[in-house]
Amino acid sequence: LSLWSDEWPLRSATPTPSPLVPDKIEDELEMTMVCHRPEGLEQLEAQTNFTKRELQVLYRGFKNECPSGVVNEETFKQIYAQFFPHGDASMYAHYLFHAFDTTQTGSVKFEDFVTALSILLRGTVHEKLRWTFNLYDINKDGYINKEEMMDIVKAIYDMMGKYTYPVLKEDTPRQHVDVFFQKMDKNKDGIVTLDEFLESCQEDDNIMRSLQLFQNVM
Amino acid sequence: MAAGVAAWLPFARAAAIGWMPVANCPMPLAPADKSKRQDELIVLNVSGRRFQTWRTTLERYPDTLLGSTEKEFFFNEDTKEYFFDRDPEVFRCVLNFYRTGKLHYPRYECISAYDEELAFYGILPEIIGDCCYEEYKDRKRENAERLMDDNDSENNQESMPSLSFRQTMWRAFENPHTSTLALVFYYVTGFFIAVSVITNVVETVPCGTVPGSKELPCGERYSVAFFCLDTACVMIFTVEYLLRLFAAPSRYRFIRSVMSIIDVVAIMPYYIGLVMTNNEDVSGAFVTLRVFRVFRIFKFSRHSQGLRILGYTLKSCASELGFLLFSLTMAIIIFATVMFYAEKGSSASKFTSIPASFWYTIVTMTTLGYGDMVPKTIAGKIFGSICSLSGVLVIALPVPVIVSNFSRIYHQNQRADKRRAQKKARLARIRVAKTGSSNAYLHSKRNGLLTEALELMGTPEEEHMGKTTSLIESQHHHLLHCLEKTTGLSYLVDDPLLSVRTSTIKNHEFIDEQMFEQNCMESSMQNYPSTRSPSLSSHPGLTTTCCSRRSKKTTHLPNSNLPATRLRSMQELSTIHIQGSEQPSLTTRPLPTTSNESQGIQGKQKSNATNDSRSSLNLKADDGLRPNCKTSQITTAIISIPTPPALTPEGESRPAPASPGPNTNIPSIASNVVKVSAL
């Protein structure tokens, strides 16, 4: 009976939603009002390394999950999380989203999506490595420092979830990052530049081989 | 993994490139996409209505009719389409399920027809989406109740020889229609209740005068007769009460029930009167006690369904009635005060105090207007009229609100309770789906290992090995495997059938919680129990000691140190529910399709109810931090007992005892496989 309540808003029993979810209904409506149509199929085919059929399949999947034509970070996270049911893929998805969202608008259109996929699946080794560098470089300043790498590695470990064998020790991520830096940081100055990264990765056979792993995913 | 998201699998796999530079060891090979077939449209002809969809859409759910090869039985060679002689309306829902991943229940559809169709297409009703699940469950329950009622009325004629005398008596009391004797008893008690009530009433009627004394009420004139009647009634009531007490299934609960209290209160005055002497002091109190005899009228509620419904109505509407009372009280006080001060000036005013004005206010507001108190001053009259006008409003307004509120709140409460009950089942379903997918991963990994082994050995029977996983699934599993390799950890999940433990220091794979427990118990107890004993598993500190012992450091359970602050999201749900999951793998046991399935899941999860009952999506992390060693449905038996120190990181492999496969030398092959892939 809210007849008697004045201005004090009632605190609902449900816990507060995550800050990334739009609090106001208006924001949500605004997002869904935005409807984006991608450029023509021929244009996309020319710009990316996919065939028309592949673009069709990709677009159908894209549109299925994001009928408005753009994907925002929350949806992105939810979709990515479905592939990792036992872990928490939200942080990694967050970094991924910012790597996909090259213009930093907060939403990823189909063109951006397909461009990034084209690099990752069909691009040259150089392009892939450059994209990965961009992913690791969280603040996009052109350098990877230990903190950024820690965040990334932690996010990857989060995806495994809490129940693993062996159990995740506290310093495992740090050790992992140290190993990474040992490998990548040639001049030992504590940051990895793009050139160092490219050089180190090209020297490592494992990495080279694993980059080709998803070559014919489609 | 939801089917619609399968289209995003290429994206997820592409994103895995981000892990590659971080990984220290080589990645497993990707599954080969052997089918070069392009996606094609297939035509489904359902009773003449043609539906078309992509083949891959249907293959999203390989364990249904349309997703498996079972549909080939319905293939019509002449028209090159699949013909189903079923209801096209329901088929529309079924096909939408494949398209969107959500199964909806159309309201106009009959529940049993819908269930039949779902059973035909091999779809479990439990996956109905949340938007329609409530409706579906309601209808299903109504249907079940209707069937039960039909069954009951059939069974009523049958005799149940297995009931004891006590049980028959109780049944006779509760359902008078079961036997003639019960019916007779029912009517006799009813008659005596009526007699008793009438006696009480007539007792007080003035009965004419005895010559020589003043007018007496009948009760005192014919006191003997009335006493006999009263005695007879009370005797009947006492006998009835004792019989009910004897027959009650739970005497303690019977004594506490409302009806029995009414019975006791109804007959107590008589006994107290018997006991008490004809003392002048207590006879006054005794007279007061006789008032309680009127409670005998409430005994009629056993005889009248309507009275019971009314009582329940009032009870459930208590808050609304309370509000009405409260607002009335406020108005009464306000107007009484006003009237008192308005009439203060007038001489010989009846409004002597505010409480005295209460009577006036009540009588006026309820528009009774006895007229024993009327205002005389002008101000009093003005306020009196305002009072009577507002009385109409104050009383007339809440009553319909109460009536509608009552029906609304009543239904809402029922729905909220249902939703709360179903929420548990819903979360259980989500959890089951999640563990199902990871169990599928473990299952296929085991099969995959064996397949690799066979490939290495060169046996041509590799085709017989579990090709039950679709390409999408195998790609998904490859993705998870890559993640394991990157981080150097392996997943833990429940899988009673899986007991392959392939662990080396570099290759850590997804293993099951049972193995985790076993590791814990091994290291702490140096033995290898093949069954869970509850006493062992109830030690929350067990894992602490084992982990610390294993790592030879005094670290407490490392899982609790994960940055839990970052994990506030939907995914939290999945990690927490892992610990309590006692579900056997979905791939091994099909869920029953009865409507009690959700309750069944609830029942199984009862022991973990405390873990699962935080049903909001943003769960607290502390629940998930203690891996629960309780498993009650493990059916695996470990064939070989390894040497106790096998828990060192350079662990050996254990052969898989229950793996499916035609070859008997598979266990040894499995162990070989592990060593090969441990490179």
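Scope of the values below: all heavy atoms of this structure, side chains included, with no hydrogens, waters or symmetry mates. To find a chain, count down the sequence lines: A is the first, B the second, and so on, and within it residues start at 1.
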Contact part of L135(A) toward chain B, heavy-atom cut-off under 4.5 Å: side chain, backbone, both or neither?
-> side chain
Side chains of T193(A) and D195(A), donor plus acceptor under 3.5 Å | no
Looking only at Y136(A), F197(A), F133(A), F180(A), most heavy-atom pairs under 4.5 Å shared with chain B are made by Y136(A)
Counting only heavy atoms not in F181(A), do more than 12 fall under 6.0 Å of its CZ?
-> yes
Relative to chain A, which segment of I17(B) carries a heavy atom at a distance below 4.5 Å: side chain, backbone, both, or neither?
-> both
Parallel, tilted or perpendicular: which fits the ring planes of F62(A) and F113(A), with parallel below 30° and perpendicular above 60°?
-> tilted
Let me know if L211(A) has heavy atoms under 4.5 Å from chain B in its side chain, its backbone, both or neither.
-> both
How are the rings of F76(A) and W8(B) set relative to one another: parallel (under 30°), tilted (30 to 60°) or perpendicular (over 60°)?
-> perpendicular
If one checks every heavy atom of S210(A) against chain B at 4.5 Å, the contacting part turns out to be both
Stepwise ring pair (Phe, Tyr, Trp, His ring centres under 6.0 Å) test for H477(B) and H481(B) | CA-CA 6 Å; H477(B) 297 162; H481(B) 201 178; over 10 Å; no
Just give me the residue among R60(A), R209(A), M149(A) that pairs up with chain B most often, heavy atom to heavy atom, under 4.5 Å.
-> R60(A)
